[in-house]
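Letters go in sequence order (proteins before strands), and every chain restarts at 1.
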2 protein chains.
Amino acid sequence: MLNNQQAEESGRAQLDSVFQALTDPTRRAIIVRLCQGPASVSELATPFAMSLPAIVQHLQVLENCGLIRTEKIGRVRSCSIVPGTLRFAENWLAARRTPAERRLDRLEAFLESDDPQTVTTGQQGTRQLGETNE
Amino acid sequence: MLNNQQAEESGRAQLDSVFQALTDPTRRAIIVRLCQGPASVSELATPFAMSLPAIVQHLQVLENCGLIRTEKIGRVRSCSIVPGTLRFAENWLAARRTPAERRLDRLEAFLESDDPQTVTTGQQGTRQLGETNE
DNA sequence: CTGATTGTTAAGCACATACTTAAGTATCGG
DNA sequence: CCGATACTTAAGTATGTGCTTAACAATCAG
């Protein structure tokens with residue numbers, strides 16, 4: 001089996017595995033859940049009509065590409081996101097923006113920063129384009 | 001064959017197919033190329049040690065998920081990106097940011113807009129975190 | 001018209017992915 | 001110690017993915 005800190009693949013290979021991981025709706029839902037804080041394997045499994053081994057396999061995919069980190073304490077394995085890895089994929093996409101899009105982005109960021117609530121609460125006061133969750 | 005404006009899948013299914021499409025390094029390289037402007041099928045194929053049908057299959061994947069659009073004129077099929085679809089995936093990732101990350105983003109956008117070169121040239125005057133191309 | 005270019009269709013193959021069930025192992029509570 | 005909890009391991013299966021080759025179709029240039 002692979003060791004857990006092996007996710008130091010170089011560039012292309014990691015992008016492969018991260019996008020691959022995000023392909024699956026179950027895995028994306030797990031990511032969404034973990035963005036709200038750590039959870040155990042069985043906590044993560046409950047929302048899904050799927051066997052526990054299936055969930056564990058999804059978690060292994062997420063861990064192998066560096067999207068999550070897990071730690072076993074006693075008989076419970078606690079899972080949490082590694083935020084930087086999501087940003088890694090996001091930055092690749094951001095680099096594909098057109099110049100016009102880049103200008104619009106800065107405008108949006110400016111408007112967003114105009115609202116102090118957004119900064120302090122951390123919840124989306126301003127809706128993004130596209131969907132924000134599933 | 002599927003019609004081209006079919007990519008009106010609802011939310012989850014489109015995210016599936018977009019991330020799925022971005023998994024493959026060949027398809028990502030095609031996207032990178034098309035972000036610099038339209039190209040024909042054989043133009044897109046030349047950099048790769050792969051048969052033409054293989055490239056066409058990749059293009060079909062990209063078109064079916066709405067990442068690119070193609071038009072056949074005479075015997076040449078011209079391919080171009082659909083920028084909004086990349087943004088769709090990017091926005092999903094952006095919605096998974098932590099509050100701290102959101103604050104940092106606005107700071108970056110502010111610093112970026114401080115440099116008029118960046119705005120007019122459209123090339124990255126400021127390097128993003130992570131890699132910007134392959 | 002003819003032959004070269006540009007792409008298309010179809011069939012098939014090797015390997016990966018997303019599950020399943022069945023049978024473990026390890027910890028904890030009493 | 002003993003049974004319940006929380007995973008873990010192994011093996012198997014159905015379907016999907018990324019290619020290949022071979023043969024075909026359509027257009028353009030001379």
### Query
Out of curiosity, L44(A) CG to T26(A) OG1, how far, rounded to the nearest 0.5 Å?
11.5 Å
### Task
For Q57(B), report the nucleic acid contact type (base, sugar-phosphate, nothing); a contact means any heavy atom under 4.0 Å.
base
### Summary
Per atom distances to the R27(B) side chain, the nearest of dG7(C), dG18(D), dC19(D) is dG18(D)
### Summary
NZ of K72(A) to OG of S78(A), rounded to nearest 0.5 Å, is 12.5 Å
### Query
How long is the span from the OG1 atom in T23(A) to the CG atom in D16(B), to the nearest 0.5 Å?
7.5 Å
### Query
Between dT20(C), dT8(C), dC19(D), which nucleotide has the shortest distance from any of its atoms to the side chain of A54(A)?
dT20(C)
### Query
Which nucleotide, dT21(C), dT20(D), dG7(C), lies nearest any side-chain atom of V41(B)?
dG7(C)
### Message
On DNA chain C, compare the nucleotides closest to D24(A) and V56(B); which residue's is nearer the 5' end?
### Response
V56(B)
### Message
dT8(D), OP1 or OP2 - any side-chain N/O from R77(A) closer than 4.0 Å?
### Response
yes
### Query
S51(A) side chain N/O closer than 4.0 Å to the phosphate oxygens (OP1, OP2) of dT20(C)?
yes
### Query
Tell me: CZ of F48(B) to P of dT20(D), nearest whole Å?
13 Å
### Message
Just to be sure I understand the rule, does S42(A) reach a base, reach only the sugar-phosphate, or reach nothing, if contact means heavy atoms closer than 4.0 Å?
### Response
sugar-phosphate
### Message
If the cut-off is 4.0 Å, is H58(B) near the phosphate of dT17(D), judged by side-chain N/O to OP1 or OP2?
### Response
no
### Task
State whether K72(B) places a side-chain N or O below 4.0 Å from either non-bridging phosphate oxygen (OP1 or OP2) of dT27(D).
no
### Query
Tell me, do R27(A) and L22(A) make a side-chain contact under 4.5 Å, heavy atoms counted?
no
### Message
Using a distance-only criterion (donor-acceptor N/O pair, under 3.5 Å, no hydrogens), is the base of dT6(C) paired with the side chain of E43(B)?
### Response
no
### Task
Report the nucleotide, chosen from dT8(C), dC28(D), dA6(D), that has the shortest atom-to-atom distance to any side-chain atom of R75(B).
dC28(D)
